[in-house]
2 protein chains.
Amino acid sequence: MTSTSRDVARAAGVSVATVSRAFSEAGAVSETTRRKVMTEARRLGYSPNPAARRLITGRSGNIGIIVPDLANPFFADIIKGVQRRARESRQAILVADTDEQSRLEADTLRTLSRQVDGIILASPRSAMDDLPSDLSVPIVLVHRQAPGWWSVTADFAEGVRQALVNLRALGHDHVAYAGGPQLSWSGGLRTNALRACAADLGVHLYELGSVAPTVNGGLAAADLALATPATALIAYNDVVALGAMRRFGARGVDVPGDMSVVGCDNTMLSLLAAPSLTTVDVPRFEAGEAAVALLDRQLADPDAEPIEQLLATALVIRGTTAPPRQT
Amino acid sequence: MTSTSRDVARAAGVSVATVSRAFSEAGAVSETTRRKVMTEARRLGYSPNPAARRLITGRSGNIGIIVPDLANPFFADIIKGVQRRARESRQAILVADTDEQSRLEADTLRTLSRQVDGIILASPRSAMDDLPSDLSVPIVLVHRQAPGWWSVTADFAEGVRQALVNLRALGHDHVAYAGGPQLSWSGGLRTNALRACAADLGVHLYELGSVAPTVNGGLAAADLALATPATALIAYNDVVALGAMRRFGARGVDVPGDMSVVGCDNTMLSLLAAPSLTTVDVPRFEAGEAAVALLDRQLADPDAEPIEQLLATALVIRGTTAPPRQT
DNA sequence: CAATTCGGTGGAAACGTTTACGCGCGGCTT
DNA sequence: AAGCCGCGCGTAAACGTTTCCACCGAATTG
């Protein structure tokens, strides 16, 4: 049987209001009574009922995060960032995984919105128009920008640009690109950046279209790449890159001898690959932490102008890029 | 401004009690009025305030899950299983990651316990004695058994036994084992099973001690293994196995030519490795789903006898195991 | 036809907090 | 020395539900 503030009040010889004040840290209670209250509270094993507190304050102390796929180390790391920051401010986090299904996003958003003080929406696969806009909780987008929305994104454009520049410097004129989900905003960013940059550099870019952001997607991408004259492949993310490497291996294509591969995200996977994967580093923990910070700011001042935070990216050279084999 | 049951009641010309009943699905309201209530509710954008509901019912509709490391695909998959099952019964999930620090577990458990109806505690790194036992919420252990606790575990013992039997059949008499965290219950299980089985088979087992369940742990394990006459390495999990493979590669040790490697868990990583990793399959989604089921059962009947559910494991042969090179 | 049940509904009391308001009391200003 | 300020605290009114109890009419029973 859990005890209530009334029990503590009685035991400490004060009123429930004082107990509440002692816990709310308002400093509006003398140090002596505060100590007395705390002692009794500990003795009785009391802690404030979150439901009751929430009913009156309207704050749950929880924040929600929605990701397309928990099993993708990229999103797992973002959540870890969120969690780290949230733990400091004693907030719990509700996570929801939409299994890469865009139609689950709106629903999940609506359900979650009643449970939390704010929501972090990572890499939504829906069009912004399909997302409910009348939710009464603040939202921060991660890796998606939209007018009027708060967001934290990484500079994917710069990252893939560096990748292409590097490949060009190695001597690759024919480069393939395997894109991710159609409605991935950051995917679009990469595509546009690559197009522009390819034109600038005089590199021939083979767009392989969009593949699933999974190992299987990578397998498919590899076959598509081999059907072009490309000597290098830039993949939507590390998972796709690794999948492609696997398929290259199976088809007897040497990486990086016959085909250079560049991933994106710099997840732990890129270090596990053999050879280790050249990839674009994007700060994931930091993105998670920044998102919580923005959420807190929005919570403090709901009418503030939306902030769009941009995180830096950089190419990390490892073992899967090399000059093309002389033919 | 979110509307309340009173608004809906007024609009529909009924009492708040009826509105409540219409939403509580009790079937204690006529179909006509129910429809009327629902119509008005939709029009006003009403949905029951979870805090108020929870205050009176004592149920939050949330379940918590605590894992040592979200970034480990093994736990990510367990969470996905939990999430899938929880979504069906319209429960949200609170996840907490303890960063492999056992001292965070008790705290997290206590904090979470006020927020949720039940907690799933996956692979705790603490001794059971260090965990608070007076929490008023039901708990289900995953991959840990303890007297008086509900749990769902996998038959790791059988899995590693199969691995050792297979290695023996390939001709390996000297096998190294890299263990995981000291207080990992399932780790202890593996160690004991391997010891017993090695004795039976006449295989010489080199216990490398415990390494961190991370890539770095794997790197270390590889060096330790090479300091023994072992021709095969069984690793605590896939991450460690992949880390070890990386180090073997760096030191010019061919896998599986010079050294066979067996992982554990059969995560997506094992398919990404080159060559793909021979590993022990352990059902992760199923573990998550089963844990929720047990939680629901415990919730329905708190005084029931604890259930200990066991999931089957099986060796999956892939590319990292082969007969030892003839010397 | 009278007595009884029962499905459907409303009134009101909880649930455990937070917080506006008010009050006594000591120390400060003038 | 009289008034004022502000600190510390208690009283009581919310917050938005669920649920017990009572009530009414209609249907069922004897």
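First the proteins, then the strands, lettered A, B, ... as listed; each starts at 1.
No salt bridge links A:D77 with A:K80; every basic N to acidic carboxylate O contact stays at or beyond 4.0 Å.
Of the side-chain N and O atoms in B:S20, none sit less than 4.0 angstrom from OP1 or OP2 of D:dG16. Listed pair B:T33 / C:dT9 meets the phosphate criterion, a side-chain N or O lying under 4.0 Å from OP1 or OP2. Look at B:S30 and you won't find any side-chain N or O under 4.0 angstrom from OP1 or OP2 of C:dG7. B:S24 has a side-chain polar atom (N or O) that falls below the 4.0 Å cut-off from OP1 or OP2 of D:dT18.
Regarding B:K36, its NZ atom lies at a distance of 16 Å from the P atom of C:dG8, rounded to whole Å. Computed from coordinates, the A:R6 CZ to C:dT18 C1' distance equals 14 Å when rounded to whole Å. Between A:R10 atom CZ and C:dG16 atom P the separation is 12 Å, expressed in whole Å. Atom P of nucleotide D:dT19 and atom CZ of B:R59 are separated by 11 Å, given to the nearest angstrom. Between the CZ atom of B:F23 and the P atom of D:dT19 there is a distance of 15 Å, given to the nearest Å. With rounding to whole Å, A:R114 atom CZ is found 10 Å from D:dG16 atom C1'. The nearest whole Å value for the distance from the CD atom in B:E31 to the P atom in C:dT9 is 11 Å. If you measure from atom CG of B:N49 to atom P of C:dC15, you get 18 Å, rounded to the nearest angstrom.
Ring to ring, A:H143 and A:F75 are not that close: their centroids are 6.0 angstrom or more apart.
Side-chain contact annotation: A:T111 with A:T108, donor-acceptor N/O pair under 3.5 Å absent.
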Interface polar pairs with nucleotides 10-14 of chain D, N/O, under 3.5 angstrom:
| residue | atom | partner | partner atom | Å |
| --- | --- | --- | --- | --- |
| D:dG10 | OP1 | A:S15 | N | 3.4 |
| D:dG10 | OP2 | A:S15 | N | 2.9 |
| D:dG10 | OP2 | A:S15 | OG | 2.9 |
| D:dG10 | OP2 | A:T18 | OG1 | 2.3 |
| D:dG10 | N7 | A:R21 | NH2 | 2.8 |
| D:dG10 | O6 | A:R21 | NH1 | 3.2 |
| D:dG10 | O6 | A:R21 | NH2 | 3.2 |

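Counting any heavy atom pair closer than 4.0 Å across all strands shown, A:T4 reaches sugar-phosphate atoms only and no base atom.
In this structure, A:L70 CG and A:I65 CD1 are separated by 9.0 Å, a value rounded to the nearest 0.5 Å.
Remark: side-chain polar atoms of A:T4 are paired, donor with acceptor, to backbone N or O of A:R6 under 3.5 angstrom. Within the 3.5 Å criterion, the main-chain N or O of A:V16 finds no donor-acceptor partner in the side chain of A:S20.
Residues A:R53 and B:T32 both approach DNA chain C. Their nearest nucleotides, taken by heavy-atom distance, put B:T32 toward the 5′ side.
The number of heavy atoms from other shown groups lying within 6.0 Å of CZ (B:R297) does not exceed 12.
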